[in-house]
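Here the structure comes first, spelled out in structure tokens, and everything after it is commentary.
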Number of protein chains: 2
Amino acid sequence: MQDMKKYTIKDIAKLAGVSKGTVDRVIHNRGKVSETALKKVNNILKEIDYQPNLIAQSLKNNKNCHLCILMPDPEIDPYWAPCIDGIEEALNEFSPFGTTLEYVYFNPFNKDSFEKQSLLALKSEFDGILLAPLFQKESIAFINECDKIKKTYFLFNNDLKSVDSQKFVGQDLFQSGRIGAKLIHSTLKGNAEVAIIHIDEVFKNATHMQEKEKGFRSYFNELKDNSFSLNTYKLKHRNANNLKKTIKYFIDTHPEINGFFVTNSKINLLAALLNNSKKSTCVVGYDLLQENIKYLKSGIIDYLIHQNPKRQAYLGTVFLADYILFNKVIPNKNLIPIDIVNSENYMGYLK
Amino acid sequence: MQDMKKYTIKDIAKLAGVSKGTVDRVIHNRGKVSETALKKVNNILKEIDYQPNLIAQSLKNNKNCHLCILMPDPEIDPYWAPCIDGIEEALNEFSPFGTTLEYVYFNPFNKDSFEKQSLLALKSEFDGILLAPLFQKESIAFINECDKIKKTYFLFNNDLKSVDSQKFVGQDLFQSGRIGAKLIHSTLKGNAEVAIIHIDEVFKNATHMQEKEKGFRSYFNELKDNSFSLNTYKLKHRNANNLKKTIKYFIDTHPEINGFFVTNSKINLLAALLNNSKKSTCVVGYDLLQENIKYLKSGIIDYLIHQNPKRQAYLGTVFLADYILFNKVIPNKNLIPIDIVNSENYMGYLK
DNA sequence: CTAAAATATGTGCTCGAGCACATATTTTAG
DNA sequence: CTAAAATATGTGCTCGAGCACATATTTTAG
């Protein structure tokens with residue numbers, strides 16, 4: 001609230017009765033400064049709380065920032081499509097500061113594809129890389145490689161246990177499972193048969209869903225209400241038709257279930273086959289895919305938990321660019337809020 | 001994705017075989033350029049899609065941006081406290097670009113205070129002002145004055161009907177009411193006595209709450225379920241003790257109510273007096289005040305609708321600074337998402 | 001006490017855009 | 001055809017930070 005006059009190095013030099021070269025040496029601890037000069041300059045720096053002009057600084061540095069984005073192909077899994085919007089939004093903000101981008105997609109259901117594409121990415125001359133480390137082991141190998149060749153990386157979507165959490169933006173998946181549980185609890189109150197359903201299309205990329213299940217179960221364990229019974233079901237398959245039959249068979253053989261918690265965005269596959277005539281049911285799943293919103297609007301899905309891939313990718317890009325261009329520190333623990341979405345507030349989260 | 005080499009004016013001058021002065025004149029349409037030179041330069045500009053270096057530009061302009069924040073005193077109404085965090089966060093981002101701030105607080109329950117403080121603000125030498133226009137008529141007078149003296153303004157929290165919505169960031173209050181209704185509907189299912197409760201401490205600043213009520217009622221109207229009965233109650237008073245008695249009396253005389261929708265952050269006053277022994281009740285209100293979260297955790301409040309004052313103020317500040325410093329256009333219709341908060345996801349929205 | 005070495009300090013250029021002013025070229029008037 | 005006026009073009013400074021290099025001052029060795 002004080003009158004924040006912006007001091008320049010020249011101002012400081014004049015105030016201290018030295019040249020700007022000396023001020024510069026003091027600021028950057030480059031030595032070759034007498035103790036008298038050092039003290040004078042330091043006192044003034046402290047007094048006026050000198051902040052260098054970021055604009056002048058970055059003009060001088062004239063750094064460029066070329067980022068590489070290593071993520072699943074949104075054509076293969078539409079969950080990732082909003083990430084592009086978030087990244088492009090960040091690019092818009094940073095391209096006047098010399099930021100450029102390059103996308104490298106991999107098939108999220110195919111480990112080999114990740115390995116192949118990550119090698120491709122490494123060949124590129126990027127200054128920083130943003131990646132969704134879907135495959136634990138392979139991703140760790142990849143970032144070790146990045147460390148070795150001194151390239152900055154940043155993770156989004158899911159964390160890697162062995163990695164500095166300062167380099168990650170995403171959600172707390174355990175807590176996210178608890179939220180699902182709370183929603184089903186609020187809606188069904190008691191005497192409910194609850195199913196935790198893992199629908200997995202091709203590849204078992206399960207750490208994600210397991211964390212959610214853990215959180216979900218922890219909520220009900222703490223509740224100590226015997227009138228809820230919980231069971232886990234894994235609905236897998238090889239091709240889409242097959243999966244549809246599996247789900248249909250599951251629904252038909254479990255008419256007693258009235259609470260459905262689907263641990264990923266595939267909930268629309270279940271919703272398509274659910275009959276909403278049964279009065280007291282609660283269906284909770286993940287992600288604002290068009291297909292999911294359709295069933296949210298029609299009332300078959302009660303709640304969707306929003307993982308906000310767009311914001312995750314946006315923030316990841318911004319952190320990287322800010323770090324590379326302006327040496328800004330990346331804030332610690334970037335857990336973004338977990339949004340509860342129903343038929344009345346989903347609009348706010350699209351675009 | 002092409003090789004985005006960053007061209008400078010010097011590069012263009014060389015390519016066109018002219019001096020940078022001529023290039024500059026072409027770029028800014030300042031005339032005094034022969035047709036041959038004009039064509040040559042324009043062709044190259046088009047060809048390389050020249051984008052001026054924003055950093056160099058703003059170093060040259062060396063604009064300062066002094067913002068004034070005209071908002072309610074958070075000491076008087078704690079709802080506003082998070083706004084300060086959001087504004088300071090924005091300030092952190094922009095102070096290296098020469099942005100400074102000045103707060104002018106008014107008493108949100110006192111029109112005269114607003115008028116007095118807004119006059120005070122006008123005396124200040126600001127480049128832009130961010131305000132929460134609580135008082136319709138007075139605020140319109142104020143921004144008309146701003147228009148007259150050509151000062152940039154931006155609104156947050158609530159809109160003014162007569163004002164360009166491009167200068168506003170906030171939430172859709174009607175929709176927010178519908179969300180409250182949906183939550184009560186999901187939780188209570190049917191056969192419910194629902195109360196819409198306006199708790200107003202001193203001043204009737206009602207447009208806010210009226211919009212929410214309209215949305216709330218519109219949801220139930222569309223539902224066409226006779227088993228819900230809706231009633232509106234206005235709980236007013238002159239001093240806090242008095243209000244407590246009023247609320248207590250209201251609760252005691254309306255034991256039949258099981259759905260409570262409180263249209264503002266004062267829901268903790270109701271929650272403090274509610275008995276949660278009754279099994280099938282649903283209490284929905286607004287805002288993540290500490291007092292509200294207490295009752296959310298204890299289970300008396302089921303849902304809080306998050307108006308995200310922090311993000312509103314953050315975005316407002318960012319838009320103003322970006323506009324003043326970099327001539328960025330302020331995006332149209334800045335309606336931020338309306339977050340549904342329960343005991344399991346509130347943490348993500350704090351800080 | 002002097003010359004060389006070590007240390008301290010200052011100067012002037014750069015980053016890219018933008019503009020004032022100086023200079024060069026073309027057009028017009030007589 | 002020439003001088004003045006009009007027009008076109010180019011030069012060099014500035015914004016603030018940062019650094020290489022030039023210069024000044026102090027210390028050390030003999």
Side-chain angles (χ1 to χ4, degrees), chain A residues 4-42 44-45 48-65 94-99 324-328, chain B residues 4-42 44-45 48-65 94-100 324-327:
Chain A
M4 294 274 244
K5 187 199 174 318
K6 271 278 163 187
Y7 289 92
T8 71
I9 281 188
K10 229 167 106 186
D11 296 328
I12 295 163
K14 205 190 286 176
L15 284 168
V18 296
S19 75
K20 68 200 190 77
T22 302
V23 175
D24 182 70
R25 277 181 284 269
V26 173
I27 289 172
H28 295 93
N29 285 307
R30 294 214 243 96
K32 319 227 162 172
V33 176
S34 70
E35 261 189 68
T36 17
L38 187 82
K39 265 186 198 157
K40 268 192 295 183
V41 173
N42 267 331
I44 288 163
L45 285 176
I48 63 170
D49 184 30
Y50 171 70
Q51 298 294 121
N53 182 321
L54 249 197
I55 297 176
Q57 218 167 37
S58 53
L59 176 62
K60 186 77 234 303
N61 296 347
N62 206 20
K63 271 188 211 166
N64 275 27
C65 167
F94 283 91
S95 73
F97 299 104
T99 297
I324 292 166
L325 289 171
F326 304 114
N327 283 315
K328 281 200 193 166
Chain B
M4 294 274 243
K5 186 196 175 319
K6 272 278 166 188
Y7 288 92
T8 71
I9 282 188
K10 230 166 105 187
D11 296 328
I12 296 164
K14 204 188 287 177
L15 285 167
V18 298
S19 74
K20 68 200 191 79
T22 302
V23 176
D24 183 69
R25 276 181 285 268
V26 173
I27 289 171
H28 295 92
N29 285 308
R30 295 210 244 96
K32 317 225 164 175
V33 176
S34 70
E35 260 189 70
T36 15
L38 188 82
K39 265 183 198 159
K40 268 191 295 182
V41 173
N42 266 332
I44 289 163
L45 286 175
I48 65 170
D49 184 30
Y50 171 70
Q51 297 295 120
N53 181 320
L54 249 196
I55 296 175
Q57 216 166 38
S58 54
L59 176 62
K60 185 77 234 301
N61 295 349
N62 208 20
K63 271 190 210 162
N64 276 26
C65 166
F94 283 91
S95 74
F97 299 104
T99 298
T100 52
I324 292 167
L325 290 172
F326 303 112
N327 284 315

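Below, chain A is the first sequence line, B the second, and so on; all start at residue 1.
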Does a nitrogen or oxygen in the side chain of [X] sit under 4.0 Å from OP1 or OP2 of [N]?
{"X": "A/Thr22", "N": "C/dG10", "value": "yes"}
{"X": "B/Gln57", "N": "C/dG18", "value": "yes"}
{"X": "B/Tyr50", "N": "C/dA17", "value": "yes"}
{"X": "A/Asn61", "N": "D/dG18", "value": "no"}
{"X": "A/Ser34", "N": "C/dT7", "value": "no"}

What is the distance, rounded to the nearest whole Å, between atom [atom1] of [X] and atom [atom2] of [N]?
{"X": "A/Lys6", "N": "D/dA17", "atom1": "NZ", "atom2": "C1'", "result": "13 Å"}
{"X": "A/Lys14", "N": "D/dA17", "atom1": "NZ", "atom2": "P", "result": "14 Å"}
{"X": "A/Lys63", "N": "D/dA17", "atom1": "NZ", "atom2": "P", "result": "16 Å"}
{"X": "B/Asn53", "N": "C/dT14", "atom1": "CG", "atom2": "C1'", "result": "14 Å"}
{"X": "A/Tyr7", "N": "D/dC15", "atom1": "OH", "atom2": "C1'", "result": "19 Å"}
{"X": "B/Asn29", "N": "C/dG18", "atom1": "CG", "atom2": "P", "result": "13 Å"}
{"X": "A/Leu54", "N": "D/dG16", "atom1": "CG", "atom2": "C1'", "result": "12 Å"}
{"X": "B/Lys60", "N": "D/dG12", "atom1": "NZ", "atom2": "C1'", "result": "12 Å"}

If you check the [X] side chain, which of [options] turns out closest?
{"X": "B/Ser19", "options": "C/dA17, D/dG10, C/dT9", "answer": "D/dG10"}
{"X": "A/His28", "options": "D/dG18, D/dG16, C/dG18", "answer": "D/dG18"}
{"X": "A/Arg30", "options": "D/dT11, C/dG10, D/dC19", "answer": "D/dC19"}

> Is A/Arg25 side chain donor-acceptor paired with the D/dG18 base, going by distance under 3.5 Å alone?
Replying inline: no

> Under 4.0 angstrom, heavy atoms only, what part of the nucleic acid is A/Asp24 near: base, sugar-phosphate, or nothing?
Replying inline: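 Base, at least one base heavy atom under 4.0 Å.
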
> With a non-hydrogen cut-off below 4.0 angstrom, is B/Ile9 in contact with a base, only sugar-phosphate, or nothing?
Replying inline: sugar-phosphate

> Want to settle it: does B/Ala56 or B/Lys32 sit nearer the 5' end of DNA chain D, counting the closest nucleotide to each?
Replying inline: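 Here B/Lys32 is the residue nearer the 5' end.
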
>> Quick check for you: to the nearest 0.5 Å, what is the distance between A/Ser58 atom OG and A/Phe97 atom CZ?
In response: 7.0 Å

>> Do B/Val41 and B/Val18 make a side-chain contact, defined as non-hydrogen atoms from C-beta onward lying under 4.5 Å apart?
In response: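 Yes; the side chains approach each other to less than 4.5 Å.
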
Which heavy atom of [X] sits nearest to which heavy atom of [Y], and what is that distance?
{"X": "B/Ala13", "Y": "B/Ser19", "result": "CB-C, 3.7 Å"}
{"X": "A/Leu325", "Y": "A/Phe94", "result": "CD1-CD2, 3.9 Å"}
{"X": "A/Lys6", "Y": "A/Asp11", "result": "O-OD2, 3.9 Å"}
{"X": "A/Asn64", "Y": "A/Ile324", "result": "O-CG2, 4.4 Å"}

> Under 4.0 Å between a Lys/Arg side-chain N and an Asp/Glu carboxylate O for B/Asp24 and B/Arg30?
Replying inline: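 Answer for the salt bridge query: yes.
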
> Could you spell out the base pairing of DNA chain C in dot-bracket, with Watson-Crick or G-U pairs whose two distances are under 3.5 Å, [ ] crossing and | to another strand?
Replying inline: ||||||||||||||||||||||||||||||

> When the nearest nucleotide of DNA chain C is assigned to A/Lys20 and to A/Leu38 on a heavy-atom basis, which residue is associated with the more 5' position?
Replying inline: A/Leu38

> For B/Leu59, which residues count as a side-chain contact (heavy atoms from CB on, under 4.5 Å) partner, sequence neighbours excluded?
Replying inline: A/Ile55, A/Ala56, A/Leu59

